Amino acid sequence: MKKVGFFRSIHFKFVLIYVLLIFVAMQIIGVYFVGELEENLVGNFTKSIKGHVNLLTYSIGEEMEKERGEEDPTLEEAIDAILKDRDNSSNDISEVRVIDTRSRRVIGTSAPGNQDIVGKKTTEVLIKNTLTFGKEDSDVFRDRGRRLWVLSTPVEANGEVIGAVYVIAEMENVFEQMDEINSIFMTGTAIALVITAILGILLARTITRPMSDMRKQALVMAKGNFSRKVRVYGDDEIGQLAVTFNNLTKKLQESQSSTEGERRKLSSVLANMTDGVISTDRRGRVNLINEPAAQLLNVSSETVMNQPIIEVLGLEEEYKFEDLLEERESIILDYSKKNRPFILRGNFSVIQKETGFVNGLITVLHDITEQEKIESERREFVANVSHELRTPLTTMRSYLEALAEGAWKDEEIAPSFLSVTQNETERMIRLVNDLLQLSKMDSKDYRLKTGWVNFNKFYDHIIDRFEMSKNDDITFKRDLPKEAYFVDIDEDKITQVLYNVISNSLKYSPEGGQVTFRVRASDGFIIVSITDQGVGIPKNVIDKIFDRFYRVDKARARNLGGTGLGLAIAKEMVVAHGGKIWAESVDGKGTTVFFTLPYEQEEEDDWS
């Protein structure tokens, strides 16, 4: 396991959280403290200025209200004298202006360098508001980067506003004090954070040291060593966790010893089983395979370990691992090769906890090659022979018993009974011959005796043979192309295919019916079709008519002497030539049988 980096360790996270908490707390305190301090300093500043202004306003009001004689100084001179006396009253006030209500002109200013505004009308909005509404008004603005506080106060006499005092005071000293206090507070915060970080590191070590010991113990346990114990540093929660961890180590050691003993027993059982056993984990990967299973699958134990079981069994195209978990029936695994049948049966069992959690899958393999071969042969024999032989044999036995009991003496009945017996015998002979023919086609050593044939002439010749023997009430219609289609075929076998298909069409054609013969070419194949106007075949069974012994109308087919193998033989022969055969039908209107053969189109002279 990789070593945990310092910045990802719980030690660093603990200290970081501790420092951040202190920092956030200090910031909250600082914001509240600075806000209250600023409000307090500004309040004291404005209160002090207003105190001076009130005294000044009183003095100016008396002078403006005073009756003046010839020897008395003018109002402007009196106001100027009052303003000069104010210069020593407050260092924060930079200028005081006095404005007369009636003329709205400046009648005095304390600023020596601004005497030119005396006698001029004022343009200050605050002064106009004060003179108009008789209320005190103030504002803060900046001048060359310095903050100034201006106050406009009405001068009243007998309840009337007779003038206004406009004061400009510098507030920069207040904010300089605030900056100095903020600097002191930030320095204190930094010192507090450093001390907090040091204390946090020391405190975090008391928590992370036992946790680090437990981590090291877990790594040692993962390697199978349960002898090491975690050191207990105290009786707190972490100390109790260390004690619990040591108890867990002891229990795991006992459990591992028990599990190892069971594993050796299981390995011994699996090694001596005759059936193949494969075990997987919960992801479907092989984690155990015994020797019989490896031999059955022709693999080595090392190569299949950790491989998906569906790939080991060759089921990846048909199943997913989740499908095998739900499979309740056996699965047949066909590994047959040429001249070497090899079939296994796989049974699956889910390894599952009581909670329903799936831990894996157990697969048991059985070799059923011989069993399947015997069963297949038995089913084929029973299905294809016994059923077909039973009917004619039963009929023959009934008629022979009747003849044995004296029916042979009756000159009218005996010939009829003998005729039926002869027909059933011939039917059994045809059945046996058809079975022999199918047996030859199924043989691995079967070979066709092929040669190039002009199929149009060949087909036309076969139709001629049937036209000579057909009933007069059935007509033939030929729809054959003029161009020559040359095919490489076994003439005897394709003759039998055509014989079987045309015979069926004639058997099931009604009186006055028509049989149509066609040949078409498409994509390197010729498509041969024979169409009758018989009763047709139901849509749900039309795909079964090429199965062995299948009949749509069994009673009628037997009356017509069929064995149920004609179309099956035709299918085998067409497939052997590289083609395919199928049928289309409209129930009650007739059936068309199609089959294809590969061909080469050439001029007839080239094959003469």
Side-chain angles (χ1 to χ4, degrees), residues 373-443 446 465-466 468-474 492-493 495-511 513 532 534-538 541 544-573 591 593:
K373 182 179 179 181
I374 294 171
E375 182 66 19
S376 177
E377 292 175 351
R378 183 191 66 80
R379 286 195 302 266
E380 184 177 0
F381 178 79
V382 171
N384 295 344
V385 178
S386 62
H387 180 75
E388 292 299 326
L389 290 176
R390 182 175 58 190
T391 301
L393 288 173
T394 302
T395 303
M396 290 174 61
R397 184 180 64 180
S398 300
Y399 280 90
L400 289 174
E401 286 177 352
L403 290 171
E405 290 174 357
W408 62 273
K409 297 178 181 179
D410 191 327
E411 294 181 357
E412 295 181 0
I413 297 177
S416 176
F417 280 15
L418 289 174
S419 177
V420 171
T421 303
Q422 183 179 5
N423 289 337
E424 293 298 328
T425 302
E426 291 175 354
R427 180 182 170 191
M428 285 191 294
I429 292 173
R430 288 196 302 272
L431 174 61
V432 172
N433 288 335
D434 287 344
L435 288 172
L436 290 174
Q437 182 67 49
L438 283 172
S439 177
K440 291 179 181 179
M441 296 296 297
D442 291 337
S443 174
Y446 181 77
R465 289 165 56 183
F466 275 93
M468 294 176 62
S469 58
K470 70 177 178 66
N471 295 332
D472 293 337
D473 56 355
I474 296 178
D492 290 339
K493 299 301 182 288
T495 298
Q496 189 170 357
V497 170
L498 292 171
Y499 178 84
N500 290 347
V501 175
I502 296 173
S503 295
N504 271 357
S505 297
L506 293 175
K507 288 178 184 177
Y508 295 102
S509 290
E511 294 183 2
D532 62 49
V535 295
I537 302 171
V541 299
K544 299 180 181 180
I545 63 173
F546 297 99
D547 294 344
R548 299 179 183 184
F549 295 103
Y550 184 82
R551 298 186 180 91
V552 179
D553 186 349
K554 295 180 179 170
R556 184 182 178 193
R558 286 197 177 94
N559 292 335
L560 295 174
T563 64
L565 295 174
L567 291 180
I569 293 172
K571 179 180 178 180
E572 295 288 341
M573 291 180 175
T591 302
V593 177

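As the structure is a computational prediction, the values presented were derived from the model and not from experiment.
S505 is linked by a side-chain hydrogen bond (donor to acceptor under 3.5 Å, both in side chains) to nothing, counting only residues two or more places apart in sequence or in another chain. Annotation: side chain to side chain contact (heavy atoms under 4.5 Å, CB included) contacts of S419 (sequence neighbours excluded): N423. A search for side chain to side chain contact (heavy atoms under 4.5 Å, CB included) contacts involving I413 returns D410, F417, not counting sequence neighbours.
Using a 4.5 Å heavy-atom threshold, the side chains of T495 and R465 count as touching.
A distance of 13.0 Å separates CD1 of I537 from NZ of K544, quoted to the nearest 0.5 Å. Atom OG1 of T425 is separated from atom CD of Q422 by 7.5 Å, given to the nearest 0.5 angstrom. Between the CG atom of L400 and the OG1 atom of T421 there is a distance of 4.5 Å, given to the nearest 0.5 Å. Distance check, rounded to the nearest 0.5 Å: CG of N504 to OH of Y499 gives 10.5 Å.
The two residues P510 and G534 make their nearest non-hydrogen contact at CD-CA, 3.8 Å. Here the closest heavy-atom approach between residue F546 and residue L567 is recorded as CD2-O, 3.7 Å. Nearest heavy atoms, M573 versus Q496: CE-OE1, 3.0 Å.
Environment of CZ in F466: crowded, with over 12 heavy atoms of neighbouring residues, nucleotides or ligands closer than 6.0 Å. Annotation for E401: atom CD counts as buried by contact number, over 12 foreign heavy atoms lying within 6.0 Å.
Distance alone, capped at 3.5 Å, is enough to place a donor-acceptor pair between the D532 side chain and the T591 backbone.
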